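Note sheet for the following structure.
Predicted, not measured: the structure shown is a model, and the values here were computed from it. Letters go in sequence order (proteins before strands), and every chain restarts at 1. Only heavy atoms go into these numbers, but all of them, side chains included; no hydrogens, no water, no symmetry mates.
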2 protein chains.
Amino acid sequence: MSGQTVSRVSNGRDNVDPDTRERVLEAMRKLGYRPNSAARALRSGRFHSIGVITFTLSSFGNMRTLDAIAIAAADAGYSITLIPVPHPTQGEISVAFGRLSEEAVDGVIIIVEAHLLDENDVALPADLPVVIVDSTAGDRYPVVDTDQAHGARLATEHLLDLGHRTVWHIAGPERSYSATHRREAWEATLREHGADVPPVLVGDWSSESGHELGLELARNPDVTAIFAANDQMALGLLRALHESGRAVPAEVSVVGFDDMEESRSFWPPLTTVRQFFGEVGRRSVEALLYEVESGERDDSTLVATELVVRDSSAAPPA
Amino acid sequence: MSGQTVSRVSNGRDNVDPDTRERVLEAMRKLGYRPNSAARALRSGRFHSIGVITFTLSSFGNMRTLDAIAIAAADAGYSITLIPVPHPTQGEISVAFGRLSEEAVDGVIIIVEAHLLDENDVALPADLPVVIVDSTAGDRYPVVDTDQAHGARLATEHLLDLGHRTVWHIAGPERSYSATHRREAWEATLREHGADVPPVLVGDWSSESGHELGLELARNPDVTAIFAANDQMALGLLRALHESGRAVPAEVSVVGFDDMEESRSFWPPLTTVRQFFGEVGRRSVEALLYEVESGERDDSTLVATELVVRDSSAAPPA
DNA sequence: CACGTGCATGTTCACGTCAACATGCGGTCT
DNA sequence: AGACCGCATGTTGACGTGAACATGCACGTG
């Protein structure tokens, strides 16, 4: 019984005598044999692993996307290697990308605000397939992202259609592309409908920042409709409105963005724009593996959104 | 210039002439040389990677733990290989553990309800170090977990100390060990204080289930204090109380468990038990790497909790 | 019966790295 | 001067796998 026969059994080839196969399997069991993936990777040049670079996982979107990526990858027979970048400082990012060249991966999915890539001008290993998620990357790499503009438009139009004269906006941080896209689409939609464009309030995605900015908005009696750039800020905003005694949605309507699992349990249940993170994850794996296996770069894609109307939005007070 | 010299430079050995080192680095840059981790792993027998088996990442605790694990591992020079088990059916679990033997990992951290291990009687590769997180595993493997009982005791005593005659409980699913531990500690604490033990309401961790059970509790005028086994169910519970017109905390006090980032922005801001997921992640990596590097099994550890008092708890109505 | 044919199984070798050992050169000590 | 030492660098081989090629056996055909 040679190593070759073991290899054949282990790889499920069919040109092995059933008796022999059985004896081999029996021996494997008895000896606790585990195929050595390092040797296999060395021989084949494939690691069957996808690297995922992300800052914090502690963000609803990143986490959901990662989950979907992991599942899609597993379905395709790939595992996920996480490459965390805990503190997005210049140095850390370079370190992470440097480490990348030593990682045993066939390709990389990057879930990082793209401006950080630009600013750091980091050189990814040239022959490594890359897909960027939830960001913008010129056209150096394929990008898979939620259609932020589409979602922001849905939210803004929903509020205008309810009869509000205009819609205020609590935006995400300036350096975030998704925040910028949502904000631009919100503004464009208002202009198209001939509505005033009120000043933007800039938060940092946290519910706490939504609360602070919300207290400010609550003081202004002209405000009847607010579009928050994510559900967490919407949550803080709802709290601010309650604390200020302004009824939602009777006096003020609120729309969020993301559709977190909890949003339906906010008080009142939140009208929001649903993102299909699962789809984003699936497509990014698809695009990456396409390049890994064919050598050709795939196109960028946008994933549509959907408005979920719950109880936090209604017509303005008469 | 032999391969050996390249190896020495690449590994940062000091017995290389500075001139030569420079020439080698220059050549590496020019040729885009990347050390082959498969060959390295083959030679050394170490992958410098930790496998993490988890069901869904879409749970606040798992995700935070994973984040901490990833960071702790990165600090120790290890990367994380995710092994998702999307659907925890008998078959899927066996598949995942089977796949494990082919993964390039030095050890495994399992974030899976332990009863699933028992029920499936899966054989992990015998020589692979394993650490279990957030669960219970007899004493087959070291376990790192939040001290669930301690947290539940803190929550319950807090409410009793405020003057409530007893505390109701919305528990997590029966098959979850953490849910069971919290529930048992809640019950034990009530008994110690000579308080009645009201019937338990069993949810499934989701805010939606908290809402449903909350509507039930809201109807009962005897209920003045409720301990929810996680913050998400507490969120749904708050909504149910609002909808039923019962003021929090004036009429009913609510305490959660987890301290999600959003909990401070609930309405009212939630009193809850803070879990130190970062610490759990760090310790589990520590325990695993101890075994990987020394060959000896580490002890199990519990991580303490902390009560965070906010506005959802107060003395009962007079 | 000689010869081919098909199939199971065996043998050889290369993948990239790095430990161990070998070489070779300039300098030092007696 | 001769022996020796330290240091940079080169050479060899082994890690486990699997493709490619080689062997050997059973069976069928003219």
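Atom P of nucleotide dT9(C) and atom CG of Asp19(A) are separated by 9 Å, given to the nearest angstrom. Rounded to a whole Å, the CZ atom of Arg34(B) is 13 Å from the C1' atom of dG16(C). Nucleotide dA8(D) holds its C1' atom 12 Å from the CZ atom of Arg23(B), rounded to whole Å. Between Leu42(A) atom CG and dC18(C) atom P there is a gap of 12 Å when expressed in whole angstrom units. Rounded to a whole Å, the CZ atom of Arg21(A) is 13 Å from the C1' atom of dT9(C). Counting to the nearest Å, the C1' atom of dG24(D) and the CG atom of Asp17(A) are 15 Å from each other. Going from atom CG of Asn36(A) over to atom C1' of dC15(C) covers 13 Å, rounded to whole Å. When the P atom of dT17(D) is taken as reference, atom CZ of Arg40(A) falls 7 Å away, rounded to whole Å.
For dG10(D), one of the phosphate oxygens OP1 or OP2 lies less than 4.0 angstrom from a side-chain nitrogen or oxygen of Thr5(B). Contact check, Thr20(B) against dT9(D): a side-chain N or O comes under 4.0 Å of OP1 or OP2.
Thr5(A) and Arg23(A) are not linked by any side-chain donor-acceptor pair at a separation below 3.5 angstrom, with hydrogens and angles left out of the test. Inspection of the Arg8(B) and Thr20(B) side chains reveals no N or O donor paired with an N or O acceptor under 3.5 Å. Inspection of the Ser49(A) and Thr81(A) side chains reveals an N or O donor paired with an N or O acceptor under 3.5 Å.
Across the helix from dC1(C)-dG30(D) to dT30(C)-dA1(D), the helix axis at one end is tilted relative to the axis at the other end by 60° (nearest 10 degrees, each axis from five pairs).
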Polar-atom pairs under 3.5 Å, protein N or O versus N or O of nucleotides 19-21 of chain C: list them with distances, or write none.
residue: dA19(C); atom: OP2; partner: Arg13(B); partner atom: NH2; Å: 3.1
residue: dA19(C); atom: O4'; partner: Arg43(B); partner atom: NH1; Å: 3.4
residue: dA19(C); atom: N6; partner: Gln4(B); partner atom: NE2; Å: 2.6

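In Glu174(B), the CD atom is not crowded: 12 or fewer heavy atoms of neighbouring residues, nucleotides or ligands sit closer than 6.0 Å.
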Distance-only criterion, 3.5 Å: show the donor-acceptor pairs between side-chain atoms of residues 61-77 of chain B and protein atoms not counting sequence neighbours.
residue: Asn62(B); atom: ND2; partner: Thr56(B); partner atom: O; Å: 3.0
residue: Thr65(B); atom: OG1; partner: Gly61(B); partner atom: O; Å: 2.7
residue: Asp67(B); atom: OD2; partner: Thr56(A); partner atom: OG1; Å: 3.4
residue: Asp67(B); atom: OD2; partner: Ser58(A); partner atom: OG; Å: 3.1

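Residues that satisfy the side-chain contact (heavy atoms from CB on, under 4.5 Å) test with Arg274(B), not counting sequence neighbours, are Asp259(B), Phe276(B), Glu306(B), Val308(B), Arg310(B). Remark: Asp19(A) pairs with Asp17(A) by the side-chain contact (heavy atoms from CB on, under 4.5 Å) rule, at least two apart or across chains. With sequence neighbours excluded, the residues forming a side-chain contact (heavy atoms from CB on, under 4.5 Å) with Ser44(B) are Arg46(B), listed by chain and number.
For Ala39(B), counting side-chain heavy atoms from C-beta on, the closest listed nucleotide (dT17(C), dT9(C), dT9(D)) is dT17(C). Taking every side-chain heavy atom of Pro35(A) into account, dT17(D) is the closest of dG16(C), dT17(D), dT9(D).
Note on Arg29(B) versus Glu26(B): salt bridge recorded, some NZ/NE/NH1/NH2 to OD/OE distance being below 4.0 Å.
Along DNA chain C, the nucleotide closest to Tyr33(B) and the one closest to Pro18(A) are compared, and the more 5′ of them pairs with Pro18(A).
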